[in-house]
Amino acid sequence: MAAVKGKVQALVLLLVGVGVLRITLVGDLYLRYVKEGLRPFLIASGVLLVLTALAGLRDRAPAHAHASDDDHDHGHDHGSAPRVAWLLVPPALAMLAFAPPALGSYTAQRESAKRVTTQDTKPRFAPLPKGNGPVPMTLTEFLERSGGDPASLRGRTVTMTGFSTPDRRGWELTRLVVNCCAADSQSLKVRVRGATAPPADQWVTVAGKTGPGGSLRVTDVRRIAQPPNPYMDAPPPPGSGAEPR
């Protein structure tokens, strides 16, 4: 019995290790869980789990040949695994079978927006590029400029990318940023005016001008696919953003 349970433990460990390697080596699924810089550590962890599991399976293989009557004389089973270990199976199967979605509007609605405004009284931002074309911008930069140097945005059209977070007042363009992993995510939110709210969690690129209270009066909203790294506050890539009407 102990040998069987030992094999089961090793198989669970193998399942977890293969799941970790699958999300890190096949595409960019790991970015739904952790920051990009942690990929080497995930790969190393996955390899270690697989090697440990294989070693456990090998060690348990001849267990029946060495079993003795003493193994059955005790009043309890020394080979029993903690039941909590079985909790590893569902997430491991999830990593192998399908990719859980990235965090979205449900999380953003339940946490306060990250404060990125500045109290500086003097402008501290470089001038925006000359011309009348839209300026690609991150939510972080827009919030900092609208809070600390709104004159730098006056009369300019900006484009930003994020997902929709509807609420009773309309909707907000939102990004979730992480320091380490999805568990410590913080939200960046810009109130959108002048456009009907897209469905919750729909990724969009918007074009517009700054409005009251750091909001954005949009002139266009374009639905897009979720970017490969949903937890990085990045400007719209060239040629993929909305254009002013």
Side-chain angles (χ1 to χ4, degrees), residues 102-179 182-227 229-238 240-245:
L103 300 179
S105 59
Y106 180 87
T107 301
Q109 288 172 340
R110 284 156 180 79
E111 66 177 25
S112 299
K114 182 180 179 181
R115 296 183 178 275
V116 295
T117 55
T118 177
Q119 300 298 321
D120 295 345
T121 57
K122 296 182 179 180
R124 65 184 185 90
F125 300 99
L128 296 179
K130 295 182 179 180
N132 297 322
V135 181
M137 190 172 291
T138 64
L139 269 69
T140 298
E141 182 180 356
F142 180 84
L143 290 169
E144 288 183 340
R145 285 181 179 271
S146 61
D149 187 14
S152 65
L153 294 171
R154 190 171 299 139
R156 296 303 302 269
T157 297
V158 301
T159 61
M160 295 184 291
T161 293
F163 61 84
S164 170
T165 302
D167 57 24
R168 288 177 294 180
R169 296 189 295 161
W171 64 291
E172 293 175 309
L173 186 68
T174 308
R175 280 275 198 173
L176 290 172
V177 294
V178 301
N179 292 319
D184 65 13
S185 64
Q186 293 181 296
S187 61
L188 301 169
K189 303 176 184 178
V190 174
R191 174 64 54 182
V192 176
R193 305 181 187 277
T196 303
D201 299 316
Q202 173 64 55
W203 282 83
V204 295
T205 292
V206 301
K209 297 180 180 180
T210 184
S215 62
L216 185 73
R217 293 189 178 277
V218 300
T219 55
D220 199 15
V221 178
R222 183 173 299 178
R223 299 189 184 191
I224 62 171
Q226 177 180 288
N229 189 346
Y231 300 130
M232 182 176 67
D233 184 25
S240 64
E243 300 294 337
R245 288 195 296 241

*Asks:* Show every ring-ring contact (aromatic ring centres under 6.0 Å, His included) that has at least one partner inside residues 130-151, sequence neighbours left out.
*Replies:* none
*Asks:* Under 3.5 Å, is there a donor-acceptor pair between the side chain of Arg154 and the main chain of Thr210?
*Replies:* no
*Asks:* Of all heavy-atom pairs between Pro136 and Thr159, which one has the smallest distance, and what is that distance?
*Replies:* CA-OG1, 3.2 Å
*Asks:* Can you name the side chain to side chain contact (heavy atoms under 4.5 Å, CB included) partners of Val204, sequence neighbours left out?
*Replies:* Trp171, Leu173, Pro198, Gln202, Val206, Val221, Arg223
*Asks:* Which pairs, with at least one residue in residues 159-168 and sequence neighbours excluded, count as a salt bridge (charged side-chain N to carboxylate O under 4.0 Å, His left out)?
*Replies:* Asp167-Arg191
*Asks:* What closest approach, in Å, do Leu139 and Thr161 show between heavy atoms, and which atom pair accounts for it?
*Replies:* CD1-O, 3.5 Å
*Asks:* For the pair Asp233 (side chain) and Thr138 (backbone), establish whether a donor and an acceptor sit closer than 3.5 Å, ignoring hydrogens and angles.
*Replies:* no
*Asks:* I need the full list of ring-ring contact (aromatic ring centres under 6.0 Å, His included) pairs touching residues 205-227, with sequence neighbours left out, sorted by first then second residue.
*Replies:* none
*Asks:* Would you call Val190 and Arg175 a side-chain contact if the rule is heavy atoms closer than 4.5 Å?
*Replies:* no
*Asks:* For Ala207, is there any backbone N or O sitting under 3.5 Å from a side-chain donor or acceptor partner on Thr219?
*Replies:* yes
*Asks:* Name all pairs fulfilling the ring-ring contact (aromatic ring centres under 6.0 Å, His included) condition that reach into residues 199-219, sequence neighbours left out, sorted by first residue then second.
*Replies:* Phe163-Trp203
*Asks:* Can you list everything that forms a side-chain hydrogen bond (donor to acceptor under 3.5 Å, both in side chains) with Ser164? Sequence neighbours excluded, please.
*Replies:* none
*Asks:* Quick one: list whatever passes side chain to side chain contact (heavy atoms under 4.5 Å, CB included) with Ala225, sequence neighbours left out.
*Replies:* none
*Asks:* Report yes if some heavy atom in the side chain of Leu153 is under 4.5 Å from a heavy atom in the side chain of Leu128; otherwise report no.
*Replies:* yes
*Asks:* Just how far is it from atom CG of Leu188 to atom CD of Glu172, taken to the nearest 0.5 Å?
*Replies:* 11.0 Å
*Asks:* Tell me every residue that passes side-chain hydrogen bond (donor to acceptor under 3.5 Å, both in side chains) with Ser215, counting only those two or more places apart in sequence or in another chain.
*Replies:* Arg193
*Asks:* Once side-chain hydrogen bond (donor to acceptor under 3.5 Å, both in side chains) is applied, do any residues pair with Ser152, and if so which ones, sequence neighbours excluded?
*Replies:* Arg145
*Asks:* Between Leu216 and Met160, is any pair of side-chain heavy atoms under 4.5 Å apart?
*Replies:* yes
